[in-house]
*Asks:* 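Right, I'll just put the structure down here and ask away after.
Each ligand, and each atom within it, is numbered from 1 in the order the structure gives. Quick caveat, the model's predicted, so the values are computed rather than measured.
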Amino acid sequence: MEPMFNPALHRQRHQFVIDFVKRKKPKKVLDLGCCECVLLKQLKFHREIELLVGMDIDGAQVKKKMHGLAPLSTDYLQPSYDQLRIELYQGSVTEKDARLRGFDLVTSIELIEHLTLADVELFSEMVFGYLTPEAVIVSTPNSDFNPFLPGLVGFRHRDHKFEWTRAEFKSWAMKVCLQYGYEVELTGVGQAPPGQQERVGFCSQIGVFHRLGGKERYNMFDEDAEDVFSYTLLYSIIYPSLHDNNILRRVLVCEVVYWAEKLKRRWIAEETGERDDTDDLCQERHVDTEETQTAACGAEMKTLVDQEEEGGELFWTHSQPDSDKWHRRVSVPLAVLWCRCPKVSVLSGSVSHLRLLLMDEPGVKLSQDGSAVLLNHQEQELKVVLVVTMFLHLCVSDLDDDDEEEHRADLEDSGYAEARQCPHSAEPEEDWEANV
Ligand code: SAH
């Protein structure tokens, strides 16, 4: 049978949330009834989000796929300044937990119809009265649409306790707004057949709630809040970020070693009159760097020029005798690295800070006054370092592990790519949806 909706209805619901996130850029997002974390896996690619939390009463469902929320190897190899913490809880939306308060956005996608009407009251009180997020997105089946669903008898899913008409949903939404100080916009996804939209509405109805009164209102509720912790933490992960000083240093060391080796290679080639075939990248980046950074590195460069004008061997130093022979070392001034390598300057901020960051790094040998990186003039070492650092620069393009395949699929689903026109691999929420 031809699918009734394209993209599939469950994908349209998630896309609705993703579009909202793109527009409003919430920093803290909570997904109630997250099930197998399908929506969370898409949301994690929206790096304005700093805290992403999922909760569900069914811990086993959550555990099935939760490891797909872990960082990719590229997140470790090329970390950004973005910060992201992900947490998953087992618990019920009818019970309170203080860790879920203070969110910018709470989503409840196809959840409330699984609750008894008495529990819907507890849900309303818990979400709008206790968690008091700035925005809430609630989706639920629209029973006005049910006559259009082929082969449907009764509810769309065997676990549904009710399915509301548009009028019933509106009445609940208005009551919540009055009681807890929100305003709501009623909309939906899953268009009705041509000419029927006005009469029956969307297949999935959606309420987008915004809290009235901004932050003050949250503070007002804050004072009365009890510090209850009724949920069980199932999973917690902090993504690598350049805000973490250890990670910043690791990335900086890789960059410094990479560029210092490239520069050394070039200078050796210049001195010996040989062409350095591997230098294309360096030349290109060097030109780009000089164009974009002339202003920024003026002061730093002046120091270097002063040194050069004083004459002498700027880049070559002679180290202590190694057994029976002297060997030469190449000295790459930090000011040169800072000026010529955009990432080094961005990561460190200034040459003096660069020096501080590299000071106790075992992977980098600094000159005695700390103004230059010292490199051995050894061809073998150079090749190894270049291979490793080139890998770090280029590895993003070649992922082959199963998990990463799945992550890549999530990336496509995340709203970075347009929604694809093929069925989704995850199980749709409604029994009915599985049959069309
Ligand atoms: N939001 C998901 C899954 C919807 S299915 C999606 O968009 O696809 C409904 C989910 O709500 C199920 O995972 C179910 O375990 C969960 N659920 C049901 N009752 C709940 C409760 N009282 N508290 C929290 N989660 C609940």
*Asks:* If you measure from each heavy atom of L111 to ligand 1, is any distance below 4.0 Å?
*Replies:*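 So L111 counts as touching ligand 1.
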*Asks:* So, is M55 polar-close to ligand 1, with some N/O to N/O distance under 3.5 Å?
*Replies:*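 Not met; the criterion fails.
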*Asks:* At a 4.0 Å threshold, what atoms of ligand 1 neighbour a non-hydrogen atom of G91?
*Replies:*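 Those atoms are 23 (N), 24 (C).
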*Asks:* Residue-level breakdown please: for L115 versus ligand 1, do any non-hydrogen atoms fall below 4.0 Å on the side chain, on the backbone, on both, or on neither?
*Replies:*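 Looking at L115 and ligand 1, just side chain atoms fall under 4.0 Å.
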*Asks:* Taking the minimum heavy-atom distance to atom 8 (O) of ligand 1, which of H10, E110, H14, H114 ranks first?
*Replies:*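 Looking at heavy atoms only, H14 sits closest to atom 8 (O) of ligand 1.
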*Asks:* Taking the six-membered ring for Trp, are F209 and F128 ring centroids under 6.0 Å apart?
*Replies:*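 Yes, ring centres under 6.0 Å apart.
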*Asks:* Are the aromatic rings of Y182 and H210 close, with centres under 6.0 Å apart?
*Replies:*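 When the ring centroids of Y182 and H210 are compared, they turn out to be at least 6.0 Å apart.
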*Asks:* Identify, by atom number and element, the atoms of ligand 1 in contact range of C35, meaning under 4.0 Å from any of its heavy atoms.
*Replies:*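 The atoms of ligand 1 under 4.0 Å from a heavy atom of C35 are 3 (C), 13 (O).
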*Asks:* Heavy atom of S108 under 4.0 Å from ligand 1?
*Replies:*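 No, that is not the case, since the closest heavy atom of the residue is not under 4.0 Å from the ligand.
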*Asks:* Non-hydrogen atoms of D56 versus ligand 1: any pair closer than 4.0 Å?
*Replies:*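 Distance cut 4.0 Å: D56 passes for ligand 1.
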*Asks:* Measure from NZ or CZ of R101 to the centre of the six-membered ring of Y130, then state whether that distance is under 6.0 Å and the direction lies within 45° of the axis.
*Replies:*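 Ring-cation test returns yes.
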*Asks:* Is any side-chain heavy atom of S352 closer than 4.5 Å to one of L356?
*Replies:*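 No - every pair of side-chain heavy atoms lies 4.5 Å or more apart.
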*Asks:* Report the residues that fulfil side-chain hydrogen bond (donor to acceptor under 3.5 Å, both in side chains) with E168, sequence neighbours left out, ordered by chain and then residue number.
*Replies:*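 side-chain hydrogen bond (donor to acceptor under 3.5 Å, both in side chains) check on E168 returns T165.
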*Asks:* Do the charged groups of K27 and E134 touch, with an N to O distance under 4.0 Å?
*Replies:*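 Here K27 does not pair with E134 in a salt bridge, since their nearest N and O are not under 4.0 Å apart.
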*Asks:* Quick check: S92 and ligand 1, any N/O pair under 3.5 Å apart?
*Replies:*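 Min N/O separation from ligand 1 is below 3.5 Å for S92.
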*Asks:* Closer than 4.0 Å to some heavy atom of D58 - which atoms of ligand 1 meet that?
*Replies:*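 Those qualifying, in numeric order: 15 (O).
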*Asks:* Tell me, please, which residues at least two apart from Q83 pass side-chain hydrogen bond (donor to acceptor under 3.5 Å, both in side chains).
*Replies:*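 Listed in chain order: nothing, the list is empty.
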*Asks:* Below 3.5 angstrom, do we get any N/O pair linking C34 and ligand 1?
*Replies:*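 Not met; the criterion fails.
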*Asks:* May I ask you to list the atoms of ligand 1 that are less than 4.0 angstrom from any heavy atom of I109?
*Replies:*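 Those of ligand 1 that fall under 4.0 Å from I109 are 1 (N), 2 (C), 4 (C), 7 (O).
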*Asks:* Closest heavy-atom contact between G370 and R355?
*Replies:*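 The pair with the smallest heavy-atom distance is O-NE, 2.9 Å.
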